[in-house]
Number of protein chains: 2
Amino acid sequence: MTNSTTPHTVPRASLKRLPLYLHLLENLMADGVEYVSCTQLAKEFDFDAILVRKDIELTGEVGTARIGFKVATLIGSIKSFLGWDKEQDAFLVGVGNLGKAILGYKDFKKYGLNIVAAFDNDSRKVGTKVFGYEIFSTSKFGDLAKRMHIYVGIITVPPEHAQEAVDLMVDAGIKAIWNFSPAPLRIPEGVILENVRLTQSLAVLTNKLKRVFKS
Amino acid sequence: MTNSTTPHTVPRASLKRLPLYLHLLENLMADGVEYVSCTQLAKEFDFDAILVRKDIELTGEVGTARIGFKVATLIGSIKSFLGWDKEQDAFLVGVGNLGKAILGYKDFKKYGLNIVAAFDNDSRKVGTKVFGYEIFSTSKFGDLAKRMHIYVGIITVPPEHAQEAVDLMVDAGIKAIWNFSPAPLRIPEGVILENVRLTQSLAVLTNKLKRVFKS
DNA sequence: AATTTATCGATATATAATTATCGATTATAC
DNA sequence: GTATAATCGATAATTATATATCGATAAATT
């Protein structure tokens with residue numbers, strides 16, 4: 001279950017495929033399926049079976065020939081490997097359209113992320129509630145983060161305020177930042193920054209589309 | 001400006017870096033900067049300068065030694081390479097929290113994506129307006145898409161309805177699908193599918209965080 | 001019980017992506 | 001004017017990632 005031979009560098013690509021497997025495995029589990037092979041998993045995603053096996057290998061899980069992996073324990077291994085087995089509390093800054101959408105998405109809890117409060121600069125928003133979350137003034141961020149031992153911050157502010165939000169979070173002892181703003185951000189050594197950039201994904205789409213129309 | 005030596009396979013990673021450069025270049029342009037070198041660009045993102053040069057090479061743009069690239073023409077080359085120089089009309093299906101957030105994000109137009117209408121199954125939503133977009137019944141999708149020559153579809157429905165949305169779009173002649181649902185989707189040959197999976201990004205974040213807390 | 005088949009883990013190969021090297025070029029400093 | 005330094009494009013080397021091969025193993029088939 002635990003992995004004693006974890007390599008120093010986990011391929012980012014593998015890390016991104018594991019949630020896909022997990023999602024499918026949970027469906028299989030719900031359907032009462034007990035065992036699954038890499039071949040089966042691979043078929044679902046049009047991946048190479050060996051690729052899936054190597055990804056699973058990262059989690060430390062071992063399978064049995066001709067049978068595959070036990071669905072229930074594999075789910076546990078992947079969750080544990082991703083850090084989704086124990087809940088991480090998080091604060092969100094920026095209650096605009098995107099911030100609201102994230103607050104409204106209840107499933108993050110299944111992925112170990114528990115948003116506990118939201119913050120905004122706009123005094124008209126402060127004090128209101130969004131999907132059950134009270135909106136606090138950003139001036140309260142540091143105090144509350146320290147008091148509640150929050151280490152994860154989510155940034156959904158407009159790009160021109162994104163660096164401010166980062167600084168606020170860093171000062172408050174935030175260790176990992178999930179950033180949805182398109183601005184390039186500066187963070188000190190030791191703080192983790194993970195960006196969600198919609199325009200990057202759009203770029204891949206439109207570039208491919210361009211070539212479709214060309215041919 | 002145009003690129004006669006485009007390789008068959010554009011590295012996806014390059015495609016995702018180009019919008020980063022573009023964003024920065026537009027800021028430089030606004031500041032009146034005329035020329036920029038790969039070294040400068042690389043410094044902004046903590047990339048290797050050679051990596052940036054190779055990415056730019058893909059767009060077909062050529063620079064001059066000791067000077068670099070002309071900001072204005074480089075912006076044009078990147079936009080053209082990404083297919084962002086001419087507008088693509090798009091339909092969005094699924095006006096929930098995320099769908100609304102995307103409808104409210106006006107900047108996509110800058111990236112060549114022009115959302116023209118939104119669709120939802122929920123009869124209570126049909127006929128209402130969200131950020132100026134009228135919400136249509138999904139039953140109207142095919143007709144309107146064909147009539148308006150729409151080739152791009154955006155999926156922001158709950159995962160259990162995502163495949164339906166894909167089928168609807170494919171039947172309507174949609175060529176490229178930008179999918180925000182976490183469900184694994186089946187598409188026919190020739191249709192482009194680009195997924196935005198928030199849980200993948202979250203996986204990278206939490207896995208890194210886990211290792212921070214371990215050490 | 002022997003044979004076949006699917007799948008495993010381990011190791012090796014191939015492909016893709018990134019980084020390094022090098023000669024050429026052009027502004028800046030002397 | 002000549003030397004110096006920065007940066008280019010092109011090519012080579014390195015590293016990372018994905019795929020292929022192979023013996024071992026365990027169920028299914030005969």
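Naming convention: chains lettered A, B, ... in sequence-line order (proteins, then strands); numbering from 1 in each chain.
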Task: Contact check, side chains of B:L24 and B:F45, non-hydrogen atoms, under 4.5 Å - done: yes
Measure the distance from [atom1] on [X] to [atom2] on [N] and round it to the nearest whole Å.
X     : N      : atom1 : atom2 : value
B:D48 : D:dT15 : CG    : P     : 13 Å
B:E34 : C:dA27 : CD    : P     : 13 Å
A:L58 : D:dT17 : CG    : C1'   : 12 Å
B:L51 : D:dA10 : CG    : P     : 17 Å
B:K43 : D:dT7  : NZ    : C1'   : 12 Å
B:K16 : C:dA16 : NZ    : C1'   : 16 Å
B:L18 : C:dA17 : CG    : C1'   : 15 Å
B:F45 : C:dT18 : CZ    : C1'   : 18 Å

Task: More than 12 heavy atoms of other groups within 6.0 Å of A:K70 NZ - done: no
TODO: Please name all residues satisfying side-chain hydrogen bond (donor to acceptor under 3.5 Å, both in side chains) with B:D171, sequence neighbours left out, ordered by chain then number.
DONE: none
Rounded at 0.5 Å granularity, tell me how far [atom1] in [X] sits from [atom2] in [Y].
X      : Y      : atom1 : atom2 : value
B:L193 : B:L185 : CG    : CG    : 6.0 Å
B:E44  : B:L28  : CD    : CG    : 7.5 Å
B:I154 : B:I174 : CD1   : CD1   : 10.0 Å
A:L202 : B:D107 : CG    : CG    : 11.5 Å

Task: Positive for side-chain contact (heavy atoms from CB on, under 4.5 Å) with A:V130, one of A:D120, A:V95, A:L92 - done: A:V95
Which atoms of nucleotides 5-12 of chain C (N or O only) lie under 3.5 Å from a protein N or O atom, and what are those distances?
{"from": "C:dT5", "atom 1": "O2", "to": "A:R66", "atom 2": "NH1", "distance (Å)": "2.4"}
{"from": "C:dA6", "atom 1": "O4'", "to": "A:R66", "atom 2": "NE", "distance (Å)": "3.2"}
{"from": "C:dT7", "atom 1": "OP1", "to": "A:S37", "atom 2": "OG", "distance (Å)": "3.3"}
{"from": "C:dT7", "atom 1": "OP2", "to": "A:T39", "atom 2": "OG1", "distance (Å)": "3.4"}
{"from": "C:dC8", "atom 1": "OP1", "to": "A:C38", "atom 2": "N", "distance (Å)": "3.0"}
{"from": "C:dC8", "atom 1": "OP2", "to": "A:R53", "atom 2": "NE", "distance (Å)": "3.4"}
{"from": "C:dG9", "atom 1": "OP1", "to": "A:G63", "atom 2": "N", "distance (Å)": "2.7"}
{"from": "C:dG9", "atom 1": "N7", "to": "A:R53", "atom 2": "NH1", "distance (Å)": "2.8"}
{"from": "C:dG9", "atom 1": "O6", "to": "A:R53", "atom 2": "NH1", "distance (Å)": "3.3"}

Task: Taking every non-hydrogen atom, the tightest pair across B:V116 and B:F91 - done: CG2-CE1, 3.2 Å
Open item on the list: Just N and O in the side chain of A:R12: are any of them under 4.0 Å from OP1 or OP2 of C:dA17?
Closed with: no
- [ ] Counting Watson-Crick and G-U wobble pairs whose two distances are both under 3.5 Å, find the runs of 3 or more in a row that involve DNA chain D.
- [x] C:1-30 with D:1-30
